[in-house]
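If you scroll down you'll find the structure; I have some questions about it.
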Amino acid sequence: MLLAVRDTLAGTAPLNWSADRDISNWWGIYLGGWTQSRRLFDWRGFDYPGRQAPDNRVSALDLGSVQLTGTIPAKLGALTELRVLDLSNNQLTGQIPSELNALANLDELLLSENLLVGPIPAQLGALSNLRVLELRSNRLTNEVPLEIAELTSLVLLDVSDNQLTGTIPAELSKLSSLEVILLGENELTGQIPTELRELSRLEVLDVSGNELTGEIPPEMRALTNLRALFLSSNQLTGRIPEWLGELRRLEWLYLSDNQFTDEIPPTLGALALLMELDLENNQLSGGLPASLKTLTKLKILDLSGNQLTGEIPRQLSDLTQLEYLDLENNQLTGGIPATFGMLTSLVTLDLSDNELAGSIPPEMGALSSLEWLNLQGNKLTGAIPPELGALRKLETLDFAKNQLTGPIPTELVALVNLDWLNLGFNRLTGEIPAALGTLPNLRVLSLEYNQLTGTVPSTLVPPHNFEILDLRANNMRGTVYSK
């Protein structure tokens with residue numbers, strides 16, 4: 001039977017299954033013994049109790065990432081002692097056979113990252129021992145079958161990145177063992193079911209990238225074990241609930257690309273374990289809560305694309321583990337806090353398209369990990385600090401569309417990793433440092449609409465491999481030849 005399975009399943013992939021080879025040496029075949037949940041171990045960091053399969057019976061079929069190109073044979077349903085079926089990360093086509101419902105002992109069904117089409121078979125609801133169902137990144141259609149609610153042992157459900165439609169089944173609330181629900185990147189509509197409050201063990205809920213509407217249900221405050229909440233890229237409305245601050249185990253909170261209004265609730269400052277907070281592209285207003293300073297484990301803070309006003313709280317400098325800070329495209333005023341020089345873990349700092357004024361703090365030269373610095377589209381004045389020449393990891397430096405004056409610091413020629421330098425639309429004076437043309441990785445140099453003088457340095461003309469070189473509207477002499 002397995003040889004017939006090989007011919008259907010493998011497609012053009014070479015499997016070493018053959019009648020003249022001992023089955024114990026066939027790729028991906030495991031016989032008898034104890035099987036344990038590898039997927040749950042990977043996710044949780046510890047194993048779940050396994051179950052023993054009879055000797056000389058196939059207990060696991062592990063053919064993930066072996067370039068299978070065929071279809072899933074219905075005959076696999078005959079492997080009734082199978083605990084693990086892993087066909088993930090191949091190029092399998094066709095539909096999921098309903099005959100897999102005969103695998104009554106199955107713990108894990110892993111079919112993610114293939115080219116499977118059609119509906120999720122309702123018959124899979126018969127797999128009463130199933131703890132992991134992964135169908136991610138296929139082309140599955142239709143609604144999530146209600147029969148999924150019959151998988152009472154299920155701990156992890158991943159049907160994300162498909163083309164599923166309909167609503168999120170309220171019946172999922174019957175799966176009392178569920179710890180992970182991943183429904184993101186589908187075409188689901190309707191509201192988030194209030195019944196999900198019954199999932200007391202739930203730690204990860206991802207419904208991002210759908211077409212969900214309505215507000216975040218207040219009943220979700222009962223999910224006190226949540227570690228990750230991903231609601232991004234939907235059409236959710238209303239305020240960001242203050243009670244989110246009660247979910248003290250949260251480490252990831254993503255609410256971006258929705259239609260949330262009003263202020264950022266200060267109660268988010270109670271989420272002491274939070275590592276990532278993304279509220280970008282909503283309609284949030286008001287100031288940045290000073291209470292955010294208590295999120296000392298925060299590595300990512302993205303509040304861009306809102307209508308936030310007021311000054312940047314200097315208390316954000318207490319977030320010393322911050323690696324990504326994006327406040328672009330708001331209406332923030334005041335200056336850039338000099339204390340930002342304490343954020344030495346920052347890799348990305350984007351404050352562009354606000355109404356920030358004052359000078360660029362020289363203390364920013366201490367941001368030794370910085371790779372991206374974007375301050376364009378503000379009202380910044382004064383000179384470019386020469387201290388920025390110490391940012392040796394910097395790849396992007398964009399100060400365009402401000403009111404900066406003075407010369408281009410020669411210290412910038414030390415930025416050997418610089419790929420993008422945009423200082424256009426300022427009031428810079430003096431000559432262009434010739435050594436800028438020797439920076440080995442520089443692709444884009446935009447200095448247009450300044451008051452630069454002198455001769456165009458020979459280092460800027462071909463054979464330099466600029467993708468963009470813009471020196472328009474200055475007072476320089478010389479010619480730049482295009483290729």
Side-chain angles (χ1 to χ4, degrees), residues 37 39-40 43-44 48 101 106-109 119-136 140 142-162 164-232 234-238 240-241 243-244 246-255 258:
S37 178
R39 280 295 194 275
L40 292 179
W43 174 66
R44 293 296 305 269
Y48 276 61
N101 69 340
L106 201 63
D107 282 335
E108 301 188 19
L109 178 57
I120 300 172
Q123 293 86 344
L124 296 185
L127 302 177
S128 58
N129 285 301
L130 200 66
R131 290 188 289 190
V132 178
L133 176 59
E134 288 190 358
L135 308 178
R136 177 186 69 255
L140 302 175
N142 293 23
E143 299 185 1
V144 178
L146 300 183
E147 288 78 5
I148 292 291
E150 299 172 14
L151 302 176
T152 54
S153 298
L154 205 62
V155 176
L156 191 157
L157 171 63
D158 186 355
V159 295
S160 61
D161 192 20
N162 281 286
L164 301 174
T165 57
T167 59
I168 299 173
E171 288 78 4
L172 292 180
S173 62
K174 300 176 182 178
L175 302 177
S176 57
S177 296
L178 262 183
E179 297 182 8
V180 181
I181 301 179
L182 306 176
L183 304 176
E185 304 302 325
N186 280 290
E187 301 170 16
L188 301 174
T189 56
Q191 300 189 9
I192 300 172
T194 60
E195 290 84 355
L196 295 185
R197 67 179 182 273
E198 303 295 333
L199 299 176
S200 59
R201 296 186 181 181
L202 197 63
E203 297 194 12
V204 178
L205 175 61
D206 185 354
V207 296
S208 59
N210 283 288
E211 301 171 20
L212 302 176
T213 55
E215 300 186 3
I216 302 176
E219 290 82 359
M220 289 180 64
R221 70 195 308 166
L223 302 179
T224 54
N225 281 312
L226 268 184
R227 294 171 51 202
L229 180 59
F230 300 100
L231 306 181
S232 296
N234 282 287
Q235 301 168 27
L236 299 174
T237 55
I240 295 176
W243 54 259
L244 284 175
E246 300 173 16
L247 305 182
R248 300 300 174 86
R249 297 191 64 197
L250 270 183
E251 299 176 36
W252 298 272
L253 178 58
Y254 278 72
L255 306 179
N258 281 287

Task: Any side-chain heavy-atom pair of Glu108 and Arg131 under 4.5 Å - done: no
TODO: Sorted by first residue and then second, give each side-chain hydrogen bond (donor to acceptor under 3.5 Å, both in side chains) pair with at least one member in residues 167-176; sequence neighbours left out.
DONE: none
Open item on the list: Would you say that Asp107 contacts Leu130 through its side chain, given a criterion of any heavy-atom pair below 4.5 Å between the two side chains?
Closed with: no
- [ ] Working to the nearest 0.5 Å, report the span between CG of Leu151 and CG of Leu157.
- [x] 8.5 Å
Task: Heavy-atom closest contact (Ile192 atom, Met220 atom, distance) - done: CG2-SD, 3.9 Å
Open item on the list: For a quick test of reading the model, state the closest non-hydrogen atom pair linking Leu183 to Asn186 and the distance between them.
Closed with: O-ND2, 3.0 Å
Task: Approximate separation, where rounding is to 0.5 Å, of Leu156 CG and Ile181 CD1 - done: 10.0 Å
- [ ] Determine, step by step, whether Leu146 and Ile148 satisfy the side chain to side chain contact (heavy atoms under 4.5 Å, CB included) criterion, reporting the C-alpha distance in whole Å, the side-chain angles of both residues, the deciding distance to 0.1 Å, and the verdict.
- [x] CA-CA 5 Å; Leu146 300 183; Ile148 292 291; over 6 Å; no
Open item on the list: Show the nearest heavy-atom pair for residues Leu255 and Ser232, with the distance to one decimal.
Closed with: N-OG, 3.7 Å
- [ ] Would you mind reporting whether Leu106 and Asn129 have side-chain heavy atoms less than 4.5 Å apart?
- [x] no
Task: Ion pair Asp161/Arg136, N-O distance below 4.0 Å - done: no
Open item on the list: I'd like to know if the side chain of Ser153 and the backbone of Ser128 have a donor-acceptor N/O pair within less than 3.5 Å.
Closed with: yes
TODO: Without swapping roles, check the side chain of Asn101 against the backbone of Ala122 for a donor-acceptor pair under 3.5 Å.
DONE: no
TODO: Let me see the working for Glu211 and Gln235 under side chain to side chain contact (heavy atoms under 4.5 Å, CB included), right down to the final yes or no.
DONE: CA-CA 6 Å; Glu211 301 171 20; Gln235 301 168 27; 4.0 Å; yes
Open item on the list: Whether the side chain of Asp206 engages the backbone of Ser208 through a donor-acceptor N/O pair (distance < 3.5 Å, no angle test) should be reported.
Closed with: yes
Task: Beyond-backbone contact of Val207 with Ile168, side-chain heavy atoms, under 4.5 angstrom - done: yes
Open item on the list: What I want to find out is whether Glu251 reaches Arg227 closely enough, with some N-O distance under 4.0 Å, to be called a salt bridge.
Closed with: yes
TODO: Assess whether side chain to side chain contact (heavy atoms under 4.5 Å, CB included) is satisfied between Gln191 and Thr213, documenting all intermediate values.
DONE: CA-CA 5 Å; Gln191 300 189 9; Thr213 55; 4.2 Å; yes
TODO: Give, for atom CD of Glu185 and atom CZ of Phe230, the distance between the pair rounded to the nearest 0.5 Å.
DONE: 12.0 Å
Open item on the list: Could you check whether Asn225 and Arg249, counting side-chain N and O atoms only, form a donor-acceptor pair closer than 3.5 Å?
Closed with: yes
TODO: Measure the CG-CG distance between Leu182 and Leu135 for me, rounded to the nearest 0.5 Å.
DONE: 11.5 Å
TODO: Please answer whether the main-chain N or O of Pro218 pairs with a side-chain N or O of Arg221 as donor and acceptor at a distance below 3.5 Å.
DONE: no
TODO: Look only at the side chain of Asp158 and the backbone of Glu134, and say whether a donor-acceptor pair between them is shorter than 3.5 Å.
DONE: no
TODO: Measure the shortest side-chain to side-chain distance between Leu212 and Thr189 over non-hydrogen atoms and say whether it is less than 4.5 angstrom.
DONE: no
- [ ] Kindly compute the distance separating CG (Leu223) from CG (Leu205), expressed to the nearest 0.5 Å.
- [x] 7.5 Å
TODO: Might you point out which heavy atoms bring Leu188 and Thr165 nearest each other, and give the distance in Å?
DONE: CD2-O, 3.4 Å
Task: Side-chain donor or acceptor of Asn210 paired with backbone N/O of Asn234 under 3.5 Å - done: no
TODO: Dump the intermediate steps for side chain to side chain contact (heavy atoms under 4.5 Å, CB included) on Leu196 and Leu202, then the final yes or no.
DONE: CA-CA 9 Å; Leu196 295 185; Leu202 197 63; 5.6 Å; no
Task: Heavy-atom check, side chain of Val159 versus side chain of Ile120, under 4.5 Å - done: yes
Open item on the list: Within the structure provided, determine whether Leu231 and Leu253 are in side-chain contact (heavy-atom separation under 4.5 Å).
Closed with: no
Task: Distance-minimising heavy-atom pair for Glu219 and Arg197 - done: O-CB, 3.4 Å
TODO: For residues Leu229 and Leu244, determine if any side-chain heavy atom of one lies less than 4.5 Å from a side-chain heavy atom of the other.
DONE: yes
